[in-house]
Each structure stands twice: as structure tokens, then as C-alpha cells.
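Predicted model only: the values in this text are computed from it and were never measured.
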2 protein chains.
Amino acid sequence: MPRAGLTVERVTIAGAELADEAGFDQVTMSQVARRLGVKDASLYSHVRNLQELRGRIALLAADEKTIRIAEAVAGRAGRDALVAYANAWRGYAHEHPGRYLATQTPVPIDPDLAADAPGPRRAIELTYGMLRGYGLAEPDLTDAVRLLRSTFHGFVALEAANGFGHSRSTQESWGRSLEALHVLLEQWPTSDRGDHP
Amino acid sequence: MPRAGLTVERVTIAGAELADEAGFDQVTMSQVARRLGVKDASLYSHVRNLQELRGRIALLAADEKTIRIAEAVAGRAGRDALVAYANAWRGYAHEHPGRYLATQTPVPIDPDLAADAPGPRRAIELTYGMLRGYGLAEPDLTDAVRLLRSTFHGFVALEAANGFGHSRSTQESWGRSLEALHVLLEQWPTSDRGDHP
DNA sequence: ATTGCTTTCCTAGAGCTCCTAGGTTGAGGC
DNA sequence: GCCTCAACCTAGGAGCTCTAGGAAAGCAAT
């Protein structure tokens with residue numbers, strides 16, 4: 001009986017593929033084992049339990065998304081960088097809906113595991129870097145980062161949950177929203193004083 | 001043996017309470033039945049299956065959230081309305097995390113069921129009404145509605161998933177973001193022509 | 001080549017879950 | 001009292017998670 005050659009990584013990837021194809025809630029020990037041609041009990045040599053597997057998928061997705069954004073933003077600035085960043089984010093969510101959903105489920109992730117994954121932290125840094133050209137200073141910078149991330153995440157989440165009607169193309173709304181955010185960043189209302197000169 | 005007096009509504013409410021207390025993924029037939037002092041099989045007289053129960057919880061939450069927003073916005077306009085709307089949204093999500101999560105999970109909801117629930121549709125109308133004062137015309141109005149809803153949803157979703165670091169109070173970022181959105185709506189870049197007069 | 005160690009993968013099984021099928025019993029109308 | 005309907009039950013199949021312990025593949029050293 002030949003061995004399947006499982007590793008933590010292969011199990012995680014199989015789970016991630018399953019998440020994209022069948023939905024994140026279909027990521028179960030049994031299903032992942034079936035996909036790998038293995039009995040479900042065998043997975044427990046590589047992964048502590050289902051919760052840890054799902055957490056690993058979430059971290060994998062966060063890393064992948066971050067890398068994708070980093071590549072898209074590289075060498076760009078201002079509006080170009082904003083649009084590239086946002087499109088990379090949305091593109092990843094569209095192509096990997098299951099993995100993306102994994103990142104937003106409130107799974108308590110093992111801190112030791114999370115420490116190894118540079119994804120989430122680096123994603124924040126990337127956002128700060130992208131905003132450098134807009135001339136914002138703290139604490140406005142942090143607020144702007146949070147606003148942007150909220151909008152990107154909220155948009156793709158509502159898209160995925162069919163939260164938008166069918167009257168107008170979401171693609172167009174997306175483009176217009178990015179334009180609006182660009183304008184907003186250029187005219188950000190600073191917090192330390194009113195906007196009357 | 002006295003009857004528990006179950007109805008679809010009571011089952012749904014029990015599920016919603018359970019969602020808030022233990023998390024939406026803990027909403028199972030067994031758990032809800034246990035909470036109602038009943039065997040799980042008994043629930044199937046009132047609810048087709050677990051999926052329908054979760055869908056009903058999602059619709060209940062959407063209705064409750066919409067009512068809360070409607071009350072908050074009533075009689076207000078402009079910035080006041082925007083802030084009231086946003087705070088009502090976030091307040092509901094904070095007080096009912098399980099129900100709120102129910103609304104964003106991609107549960108395929110029975111169309112017949114959804115038709116009875118005025119929540120989602122009315123929520124959109126409310127958003128349009130709130131924006132009336134900003135003088136936007138279609139299709140910018142729709143784009144602005146989508147941007148706002150995305151931001152509100154994304155912010156509370158990231159808050160719930162611990163997506164923000166601990167460096168700055170989320171409450172402050174929230175307030176500043178609302179201010180920024182208000183400015184954005186006042187200076188929305190119209191789509192039919194450039195912004196050069 | 002044989003031995004021994006480690007890791008991989010297995011079988012077996014307990015306990016929980018969803019859901020169906022069919023039976024019993026309460027409550028209200030006649 | 002009796003009938004009917006609905007509410008609630010027991011029984012049971014099938015799938016899932018996870019543990020305990022066993023078999024065997026691969027590797028290293030003798």
C-alpha cells in the first residue's frame with residue numbers, strides 16, 4: 001500500500017482547494033481526507049483538529065492575498081497604487097472565494113501559528129505604504145487605512161453574499177468607488193484642526 | 001407531558017439568541033432543541049432543516065437591523081442622518097454579533113421566505129433616502145449607496161474578526177471615517193463629466 | 001541483509017450531528 | 001365522548017470529529 005505523502009502543507013492546500021470549489025463550510029476532515037485518497041483519521045498526524053486546519057487555510061489565504069497585492073502595488077504610487085491594490089484584493093476574493101471566506105470567519109487561530117505567517121501584518125504595512133503618497137500623518141493615516149480596508153472587504157463580502165441588487169453592474173460601482181476613495185484621500189479632513197483656514 | 005408551544009417564530013428566536021451567545025456556527029438543531037427543552041426531531045415540524053432555520057435567523061436579523069436604522073435616521077438629514085445610520089448599523093452588529101454574522105453568511109435563502117421579509121429591500125431604500133440630501137443623481141447615487149454599505153459592513157466585520165491592530169481605538173477611527181465619508185459625499189466626483197468646470 | 005526506529009497510515013469505536021419514518025398524545029370542534 | 005390536527009415523541013440510518021492502538025513503509029546503521 002503506497003503512501004500518499006501527506007504533509008501539513010499538502011493537507012492545507014487540499015483544504016483550500018476544497019474551500020474554493022465547495023465552500024468553506026464544506027471543509028471537513030472527511031472531505032479533505034477523501035480528496036487526498038486517505039482515511040480521515042490519517043489527517044490527525046498532520047493537523048491537530050478541524051479548527052487548526054481551518055485556521056491554517058485562513059493564514060494561507062492571507063499570505064497569498066498579501067503577496068498578490070504586493071506584486072500589484074510594486075512600483076506604483078497615488079491613484080495607480082490605490083487601484084492596483086484594490087483590484088488585487090478583489091481579484092483574489094473572486095478567484096478564491098472559499099479561501100477568502102476563511103480569512104473573515106472568526107476562527108480563533110493559534111498564536112504560534114499566526115506568528116509564522118507574515119500575511120496579515122505585512123498586509124497592513126502595504127496599505128500604509130500605498131498611502132504614503134497622499135501625505136497623511138498619524139492618526140489620520142491609521143484611520144484612512146482602516147477605512148480603505150473596511151471598504152474593500154465590505155464590498156467583496158457584500159458581492160459574495162449577493163448584497164447588491166442587480167440594477168447596476170458591480171464592476172462599475174467598484175470603479176466609481178475607487179475614484180471616490182482617491183478623491184477622499186486627497187482631501188482627507190485632518191483631525192487636529194477644523195477645515196476652515 | 002405538557003407541550004412546549006413551539007412555533008416557527010419561537011424556534012427562530014431561540015436560534016438567534018443562541019447565535020448571539022455562542023456564535024452562529026453553534027446554531028444547530030440539537031442545540032436549539034436543547035435550549036427549548038425539546039428533542040431535536042420535534043423542530044422539523046416547524047422548520048424544514050438547519051439551512052432554513054439559519055436563513056430565517058438571517059432574515060430576522062436583517063429586519064431588526066433595518067428597523068433600528070429606520071428609527072435612528074427618522075427626522076434627520078445630511079451628516080446627522082449619516083452618523084445616525086452608521087451608528088445604528090454598528091450598534092446592532094455589536095449587540096447581536098451572532099445574528100449579524102448570520103446576515104453575511106452566503107446561505108442560500110428560500111426566495112419565498114425572503115419575499116415576506118421586508119428587511120433587505122427596505123434597508124437599501126433607507127440608504128437611498130439618507131443620501132437624498134447630498135444631491136446625488138443616478139448612477140452615482142447607487143454607487144454611493146454601495147460604497148457606504150460596503151464600508152459599514154466591512155468595518156464591523158473586520159472589528160469582529162479582530163482585523164484591526166490594537167494601536168488606536170476603533171471607536172475613534174470609526175468617527176473619523178464617518179466624517180471622511182460625509183466629506184466624500186459632499187464632493188462626490190460625478191461620472192458624466194470631469195470635475196473641471 | 002537484517003535489525004530497529006520513526007513516521008505514516010490504518011482499523012475500530014465512541015459520541016455528536018442531521019434528518020426521516022412512524023407512533024403517541026395533547027387540544028379544540030362536533 | 002369522539003375526531004382530527006398538530007405537536008411531540010422514539011428509533012434509527014448516515015455522516016462527522018476525534019482517540020487509541022496496530023501495521024507497515026521508509027530510513028539508518030550495523
Side-chain angles (χ1 to χ4, degrees), chain A residues 1-59 98 101-102 105-110 112-113, chain B residues 1-59 98 101-102 105-110 112-113:
Chain A
M1 191 176 299
R3 304 228 165 158
L6 297 188
T7 62
V8 195
E9 288 75 21
R10 288 203 52 204
V11 172
T12 306
I13 289 175
E17 291 170 354
L18 186 62
D20 286 338
E21 293 168 17
F24 187 60
D25 55 329
Q26 295 300 310
V27 175
T28 67
M29 290 306 225
S30 313
Q31 297 259 27
V32 172
R34 212 165 297 149
R35 161 180 283 259
L36 289 167
V38 142
K39 297 295 175 183
D40 55 343
S42 305
L43 299 182
Y44 289 86
S45 305
H46 305 276
V47 157
R48 194 197 315 270
N49 51 27
L50 177 62
Q51 193 178 346
E52 185 190 297
L53 172 58
R54 291 188 170 178
R56 282 185 185 275
I57 295 174
L59 291 177
L101 193 61
T105 51
V107 187
I109 295 179
D110 184 347
D112 294 345
L113 231 61
Chain B
M1 189 176 298
R3 304 231 165 158
L6 298 189
T7 62
V8 194
E9 288 74 21
R10 288 203 52 205
V11 172
T12 305
I13 289 175
E17 291 170 354
L18 185 61
D20 286 337
E21 293 168 17
F24 187 60
D25 55 327
Q26 295 299 312
V27 175
T28 66
M29 289 307 226
S30 313
Q31 297 258 28
V32 172
R34 213 167 296 149
R35 161 179 282 258
L36 289 166
V38 142
K39 298 294 177 184
D40 56 344
S42 306
L43 299 182
Y44 289 85
S45 305
H46 306 277
V47 158
R48 193 197 315 269
N49 51 28
L50 177 61
Q51 194 179 352
E52 185 191 298
L53 172 58
R54 291 187 169 178
R56 283 185 184 275
I57 295 174
L59 290 176
L101 193 61
T105 52
V107 187
I109 295 180
D110 185 346
D112 295 346
L113 232 63

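With C/dT20, D/dT17, C/dT11 as the candidates, the nucleotide lying closest to the side chain of B/Tyr44 is C/dT20. Nearest nucleotide to the side chain of A/Ala41, out of D/dA20, C/dC19, D/dC9: D/dA20. Picking from D/dA11, D/dC8, C/dT17 the nucleotide with the shortest atom distance to the side chain of B/His46 gives D/dC8. Distances were taken from every side-chain heavy atom of B/Met29 (C-beta onward) to each of D/dC9, C/dT11, C/dC18; the shortest belongs to C/dC18. Among D/dT17, D/dC8, C/dC10, the nucleotide with an atom closest to any side-chain atom of A/Thr28 is D/dT17.
One can place CZ of A/Arg10 at 14 Å from C1' of C/dC9, the figure rounded to the nearest angstrom. Here C/dT11 presents its P atom at 13 Å from CG of A/Leu43, a figure rounded to the nearest Å. The interatomic distance linking B/Asp25 (CG) with C/dC18 (C1') rounds to 16 Å, in whole Å. Atoms CZ (A/Arg54) and P (D/dC16) sit 12 Å apart, rounded to a whole Å. Atom-to-atom, CG of B/Leu6 to P of C/dA27 comes out at 14 Å; the value is rounded to the nearest Å. At whole-Å resolution of the value, CD in A/Gln26 and C1' in D/dG15 are 12 Å apart. The distance from atom CD of A/Gln31 to atom P of D/dA14 is 18 Å, rounded to the nearest whole Å. Between A/Leu50 atom CG and D/dC18 atom C1' the separation is 11 Å, expressed in whole Å.
When every heavy atom of A/Val32 is checked against every heavy atom of A/Ala14, the shortest pair comes out as CG1-CB, 4.2 Å. Nearest heavy-atom pair, B/Met29 versus B/Val47, reported as atom, atom and distance to 0.1 Å: CE-CG1, 4.1 Å.
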Restricting to nitrogen or oxygen on both sides, can you table the protein-nucleotides 13-16 of chain C pairs closer than 3.5 Å?
none

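Side-chain contact check for B/Leu53 versus B/Leu43: every heavy-atom pair is 4.5 Å or farther apart.
Dashed line: the shortest gap from a side-chain N or O of A/Ser45 to OP1 or OP2 of C/dC9 is not under 4.0 Å.
Considering CZ of B/Arg54 and CG of B/Asp25, their distance stands at 7.0 Å, rounded to 0.5 Å. Separation of atoms OG1 (B/Thr12) and CG (B/Leu59) is listed at 9.5 Å; rounding is to 0.5 Å. Atoms NE2 and CZ, from A/His46 and A/Arg10 in turn, are 9.5 Å apart once rounded to the nearest 0.5 Å. For the atom pair A/Leu50 CG and A/Asp40 CG, the distance stands at 11.0 Å (nearest 0.5 Å).
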